[in-house]
Number of protein chains: 2
Amino acid sequence: MSLKHILLGMLNEPASGYDIKKCLNNSLQHFWAANLSQIYPQLGNMEAEGLLRSRMSDSDRGPQRRLYRRTAKGTRELKNWLAEGPHMSEERRHFLAQVFFLDALGDGEQARAFMQSLREQMSGKLEALQAAEEAWRDRDSRYPDNLPDDGFYPQLTLALGQKIFATYVEWCDECLERIQARESGSRERQGA
Amino acid sequence: MSLKHILLGMLNEPASGYDIKKCLNNSLQHFWAANLSQIYPQLGNMEAEGLLRSRMSDSDRGPQRRLYRRTAKGTRELKNWLAEGPHMSEERRHFLAQVFFLDALGDGEQARAFMQSLREQMSGKLEALQAAEEAWRDRDSRYPDNLPDDGFYPQLTLALGQKIFATYVEWCDECLERIQARESGSRERQGA
DNA sequence: GGTTCCATGTAACGTGTTACATGATTTT
DNA sequence: AAAATCATGTAACACGTTACATGGAACC
């Protein structure tokens, strides 16, 4: 039930589904993705629930846009969600499930290649977040310590993303070392 | 499409749905949860696909059990999945979405309480993983460097879990400091 | 004239959760 | 006698992804 609350959170200013999607893409994208095909019907439901109201508006370019704004009830719902405390949903990490069973490949070289590829993808994500931070720094001289209120918590989430992906990269490196050590050990035992 | 592959991976030995669930609970539980109501139909589908075969078997206690075993086709499917390389699915972190919008509470004290509660939950999970590691160490003198093949990769995933939750705890602490600093700054500006 | 961006939606499908339903055996 | 554990399933619902459908305006 959280896309609903994310949309409520994004609607501090009136916006269209399309706007929200763009905004999502450059702020929450690293821990929450959403498709337009999910956003549009959800906004509709929320209007039916009385959490939002909408009106049509002309666009500078392109067709008319449906602009949503949060109602008082919507704001209450948002605050309730936050006041409930942290929602600890189970995270599913597909790649970790793969690592868990990697021995089934029966081939240390392939396993090494797997971890190497994982490392590259993780460090790519890390770099993307670092670039996002640089862009923010360039755009706002107050970054990171004198940000306005609406930037404070988003900046914290960006910092977490960096820490997490850096941890993944570190772990991949350790795994690669351990796999290497294990492989050379097993070659020795075979007398290679 | 990954529960399927996880079930394939778990079926190195013949096992019932119930067995698999228990085994899941004390190994993958920190990054992959699954309900019996999801496992049973999935096993059925997989048998229909020819990835598994089943037979009924008496139980020491309780009713008859349906024991599944992996077919050659199932083993091929498992290896293919691993050979495809890391599956980087988007992770959704509900609690991070909440942090992102925490400013909407308009109350630093409540935000602090939120982060405090998050810190406690994260450190609880970290402790659970450390306990799991201790239990493993006690049970198997070869831990962690001379584990048999089927323990090597599981141990790596356990190590990642610990790193990740430790990172979360660290980040919570940093957030708490920054929130505190921000609060006292804003009280000063108000001349409290 | 073709591509990209703006803009909104629907439909089908796949995956995951919660609740319901049943009943034997073992432990307290 | 009650509670926990063993054991297997179904049904309804919620959430998310992919594909499909449409069409205007701006840019190259």
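Hydrogens, waters and symmetry mates are skipped; everything else that's a heavy atom, side chains included, is used. Order of the sequence lines fixes the chain letters, A, B, ..., with proteins taken first and strands second; residue numbering starts at 1 for each chain.
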Legend entry - Whole-Å distance separating the CD1 atom of A:I20 from the P atom of C:dC6: 15 Å
Inset, instruction - Measure from CG on B:N45 to C1' on C:dT15 and round the result to the nearest Å. - result: 12 Å
Inset, instruction - To the nearest Å, give me how far apart CD (A:Q42) and C1' (D:dT17) are. - result: 15 Å
Legend entry - Side-chain N or O of B:N35 closer than 4.0 Å to phosphate OP1/OP2 of C:dT17: yes
Inset, instruction - For B:D149, enumerate each residue passing the side-chain contact (heavy atoms from CB on, under 4.5 Å) test, keeping only those at least two apart in sequence or located in another chain. - result: A:D103, A:R182
Inset, instruction - Keeping the roles fixed (side chain from B:E91, backbone from A:R93), state whether a donor-acceptor pair exists under 3.5 Å. - result: no
Inset, instruction - Treat primed atoms plus P, OP1 and OP2 as sugar-phosphate and everything else as base, then score nucleotides 6-13 of chain D 5' to 3': B for base contact with protein heavy atoms under 4.0 Å, S for sugar-phosphate contact only, - for none. - result: BBBBB---
Legend entry - salt_bridge(B:E170, A:K163) N-O dist < 4.0 Å: yes
Inset, instruction - Output yes when A:K4 and A:E49 qualify as a salt bridge under the 4.0 Å nitrogen-oxygen rule, no when they do not. - result: yes
Inset, instruction - Mind calculating the distance between CD1 (A:I39) and P (D:dC15) to the nearest angstrom? - result: 15 Å
Legend entry - Pairs where residues 98-123 of chain B contributes a residue and the test ring pair (Phe, Tyr, Trp, His ring centres under 6.0 Å) is met, not counting sequence neighbours: none
Inset, instruction - Calculate the interatomic distance between B:R92 atom CZ and C:dT15 atom P; express it in whole Å. - result: 15 Å
Inset, instruction - Determine the interplanar angle of the A:W136 and A:Y143 rings, folded into 0 to 90°, and report it as parallel if under 30°, tilted if 30 to 60°, perpendicular if over 60°. - result: tilted
Inset, instruction - Give the rounded distance in Å between these two atoms: NE2 of B:H94 and P of D:dA14. - result: 16 Å
Inset, instruction - Calculate the interatomic distance between B:E91 atom CD and D:dG16 atom C1'; express it in whole Å. - result: 16 Å
Legend entry - Protein-nucleotide distance (B:H87, atom NE2; C:dT15, atom P), rounded to Å: 12 Å
